[in-house]
Structures are given as structure tokens and as C-alpha cells.
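See structure below.
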Amino acid sequence: MSLADHIFIDMCKDILENGTSTEGEKVRPRWPDGESAYTVKKFGVVNRYDLSEEFPIMTLRRTAIKSATDEMLWIWQKKSNNINDLHSHIWDEWADEDGSIGKAYGYQMGVKHQYKEGMMDQVDRVIYDLKHNPFSRRIMTNLYVHQDLHAMNLYPCAYSVTFNVTQKKGHEKLTLNAVLNQRSQDVLTANNWNVVQYAVLVHMLSQVCGMEAGELVHVIADAHIYDRHIPIIKELIERPVYDAPTFVLNPEITDFYQFTRDDVKVENYTTGPQVKEIPVAI
């Protein structure tokens, strides 16, 4: 069993067995038929993935690594808030007629800020510090900008990453670790998707900064399973599981801005069947 499967199964069982329900409460999300979308939730879920041991992609069902990477690069590399720069249609529900999702996600990554070293956006600042001041405890990004919330079509869910560099005994290279903070997560549709995205990001930044990938710690304030997803989750976590595949990143890339979704792949990736027609609350 891959570690990602083990973590996912244990998390889902804990939510279903020990979580609390929002049924009957005032909730924002709605199903396409207009009914309120209630959840069973757990507060403060923390999952740890050691990227030096295996790549955390689940085998219970297939996670589309290239599409997940494409969305991550849309935010972190293209710094875009326009769905026309994406290859998928994940964000279509939140875009206006011009394709914009407002001052959210990639928009915030592209805003330049004044530092002692000059004007930089958040991504460039992370890369600068990892290369020049790797043991800083201030290497982080934040998308939850309160002054711009009114102009966002969706408030950021995965909103902050804190990077931390360590030196393992006997290792020549430094190790890059990261904490991903998420205020809210739809476990069925987004959990492994987000884990894969940020695992890829840590691998990419490690490579271009001459480091090794270490731990990814995923902190979720509100980890929830929607009421109409419960039967799907129950079936999913009873499936057979397989060994984790091998992650491959194009070793020729030394500039973060040169990566594309085609520079990542997983080999020997065996999975269960895809879950089709998952209802999505909006």
C-alpha cells in the first residue's frame, strides 16, 4: 500500500466516524439542484508526506498528475487568474465572461513587493531566499489578502506555504520541506489533487535550488466530506491498493520558469478505476 493511500483511508475513516455534521446549519455551498450541500467535517487535520521515500499519489483511483501540475504552474509560474491560460476547465464555474477569477490565486503571486533586495513577487522571493538565505525562517507565501477578498470570485482554499530547509546528517545537499496550509478542503475531489500539486512544487524548487525534496506537511483547518459524497468515499476506501509509482522530473530544467506539465510523469502507476460523475457543490 502506498503511503498516500494509507493516509487518505485513515483520514476518511476518522472524518466519517468522529467528524461533526453541518446538516441543518446555514451553509454557503449548494448542489446544482439548489439543495444545501452539507458536510461531515474534522477540524485541524495534519498529514505528513516524506517525499524522499515515495511520491504521494494515491492508487485507489488515478490522480491526473499533468493536469494537477498544470493548475499549480498556472498559479505559481504563470501567476495567472484567467482560465484561458489553463488546459482544464476546473475553474470555469468561478470565471467571468473574460475568463478572470478576480484578484485571486495567480494574481496575488504576481504582485510585486518592496524588499531590501528590490522589487519581487512572492514566488521570486521564495526562490531568492532558498538560493541565498536557505536557513531563513521567513520563506513563505500568502494568497489570503484581506484587502482584495472583495475582488476574488472564490476565496483561496490552499492559501499559504511555508518553506523550511534542513541539513540531514551525511547528506551533501540541503533538504527542502514545506507546510501547506488550507482553510477548507473537499476531501473527495481535492485532497490528493492538492497533495500531488505541492509535492511536485517541492520537487521542482528543490531541483532548481540544488536541494533534495524532504517533507510535505499538509494542514487542513476544515477537512470535509459532502453528504452526497459519503457513499462514494465508503466505496473508494474499501478498494485494493497498489505500490506507489516512481516520480520522474525532467533533470535538465534548472530554471523554475522553464518547467511545463510535460516535465513530470509517474512510472509504474497502477490504480483502481476512476470515479465518474462526482457531484460538485458550488
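Computation of the quantities below employed the complete heavy-atom set of this structure, encompassing side-chain atoms and omitting hydrogens, waters and symmetry-equivalent molecules.
Open room surrounds CZ on Phe43; 12 or fewer heavy atoms of other groups in view lie less than 6.0 Å from it. Other residues, nucleotides and ligands contribute at most 12 non-hydrogen atoms within 6.0 Å of the CD atom of Glu172. Atom NE2 of His6 sits in a sparse spot, with 12 or fewer heavy atoms from other residues, nucleotides or ligands closer than 6.0 Å. Crowding of Lys234 atom NZ: a count of heavy atoms from other residues, nucleotides or ligands under 6.0 Å not exceeding 12. In this structure, Lys265 places its NZ atom where only 12 or fewer heavy-atom neighbours from other residues, nucleotides or ligands lie under 6.0 Å away. Lys41 NZ: 12 or fewer foreign heavy atoms inside a 6.0 Å radius. When the shell of 6.0 Å around CG of Asp243 is examined, it contains 12 or fewer heavy atoms from other residues, nucleotides or ligands.
The hydrophobic clustering, which links ILVMFWY residues whose side-chain heavy atoms are closer than 4.5 Å, places Ile127 and Phe163 together. Placement of Val145 and Val161 in two distinct hydrophobic clusters is found when ILVMFWY residues are connected by side-chain heavy-atom separations under 4.5 Å, directly or transitively. Ile230 and Leu60 fall within the same hydrophobic cluster, defined by Ile, Leu, Val, Met, Phe, Trp and Tyr side-chain heavy atoms under 4.5 Å apart, directly or through other members. Residues Met140 and Leu201 do not share a hydrophobic cluster, clusters being chains of Ile/Leu/Val/Met/Phe/Trp/Tyr side chains in contact below 4.5 Å. No path of Ile, Leu, Val, Met, Phe, Trp and Tyr side chains, each step under 4.5 Å between heavy atoms, connects Leu51 with Val179, placing them in separate hydrophobic clusters.
Ring-plane geometry between Phe259 and Phe256 is classed as perpendicular, the angle between the planes exceeding 60 degrees on a 0 to 90 degree scale with a lower cut at 30. The aromatic rings of Phe247 and His203 are tilted relative to each other, their planes meeting at an angle between 30° and 60°.
Remark: side-chain polar atoms of Ser36 are not paired, donor with acceptor, to backbone N or O of Tyr38 under 3.5 angstrom. One N or O on the side chain of Ser160 and one on the backbone of Thr141 form a donor-acceptor pair closer than 3.5 Å. Within the 3.5 Å criterion, the main-chain N or O of Asp124 finds a donor-acceptor partner in the side chain of Asp121. Not a single donor-acceptor pair under 3.5 Å links the side chain of Asp10 to the backbone N or O of Ile7. Counting only distance, with no hydrogens or angles, the side chain of Tyr269 and the backbone of Arg62 share no donor-acceptor pair below 3.5 Å. When atom types are taken as modelled, the side chain of Gln207 and the backbone of Ile253 share a donor-acceptor pair closer than 3.5 angstrom. At least one donor-acceptor pair closer than 3.5 Å links the side chain of Ser2 to the backbone N or O of Asp5.
The distance from atom NZ of Lys79 to atom OH of Tyr257, rounded to the nearest 0.5 Å, is 2.5 Å. In this structure, CG in Asn81 is found 15.5 Å from CH2 in Trp94, a value given to the nearest 0.5 Å. To the nearest 0.5 angstrom, Leu3 atom CG is 13.5 Å from Ile57 atom CD1.
Counted by atom type alone, Gln185 and Asn191 present one or more donor-acceptor pairs between their side chains at under 3.5 Å.
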Query raised in the report: Should Asp70 and Lys66 be marked as a salt bridge (Lys or Arg N to Asp or Glu O under 4.0 Å) after you check the CA-CA gap, both sets of side-chain angles, and the distance that decides it?
Result: CA-CA 6 Å; Asp70 182 58; Lys66 289 188 183 295; over 6 Å; no
Query raised in the report: Given Glu117 and Arg125, is the side chain to side chain contact (heavy atoms under 4.5 Å, CB included) satisfied, shown in steps?
Result: CA-CA 9 Å; Glu117 298 81 5; Arg125 180 69 202 192; 2.5 Å; yes
Query raised in the report: Can you check side chain to side chain contact (heavy atoms under 4.5 Å, CB included) on Met109 and Gln122, steps first, answer last?
Result: CA-CA 6 Å; Met109 285 302 201; Gln122 295 190 58; 4.0 Å; yes
Report task. Start with the C-alpha gap between Gln197 and Glu71, add the side-chain angles, then the distance that decides, and say whether side-chain hydrogen bond (donor to acceptor under 3.5 Å, both in side chains) holds. Result -> CA-CA 8 Å; Gln197 288 180 314; Glu71 186 193 33; 2.5 Å; yes
Requested in this report: Test Trp31 against His229 for ring-ring contact (aromatic ring centres under 6.0 Å, His included), laying out the working first.
Outcome: CA-CA 12 Å; Trp31 295 114; His229 292 174; 5.7 Å; yes
Requested in this report: Evaluate the criterion side chain to side chain contact (heavy atoms under 4.5 Å, CB included) for residue pair Leu180 and Tyr49; output intermediate values, then yes/no.
Outcome: CA-CA 11 Å; Leu180 170 63; Tyr49 305 89; over 6 Å; no
Query raised in the report: Glu267 and Val248: side chain to side chain contact (heavy atoms under 4.5 Å, CB included), yes or no, with the steps?
Result: CA-CA 7 Å; Glu267 297 176 341; Val248 180; 3.7 Å; yes
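Contact detail for Ile237 and Phe8: the closest heavy-atom pair is CG2-CE2, 4.1 Å. When all heavy atoms of Ser100 and Asn153 are compared, the pair lying nearest together is O-ND2, 3.3 Å. Scanning both residues, Arg261 and Thr69, for their nearest heavy atoms gives CA-CG2, 4.1 Å. The minimum heavy-atom distance linking Asn192 with Met58 is given by the pair OD1-N, 3.0 Å. Between Thr166 and Asn164, the closest heavy-atom pair is CG2-OD1, 3.8 Å. Closest of all the heavy-atom pairs between Lys42 and Gly19 is CD-CA, 3.8 Å.
Between His146 and Tyr144, the ring center distance clears the sub-6.0 Å criterion.
Tested against Ser80, the residues Trp74, Tyr105, Tyr107 include a single side chain to side chain contact (heavy atoms under 4.5 Å, CB included) partner, Trp74.
Residues Leu188 and Arg61 are in side-chain contact: their nearest non-hydrogen atoms beyond the backbone lie under 4.5 Å apart.
For the pair Arg183 and Tyr155, the NZ or CZ position fails the cation-pi test of under 6.0 Å to the six-membered ring centre and within 45 degrees of the ring normal.
A salt bridge links Arg239 with Glu235: the distance from a Lys NZ or Arg NE/NH1/NH2 to an Asp or Glu carboxylate oxygen falls below 4.0 Å.
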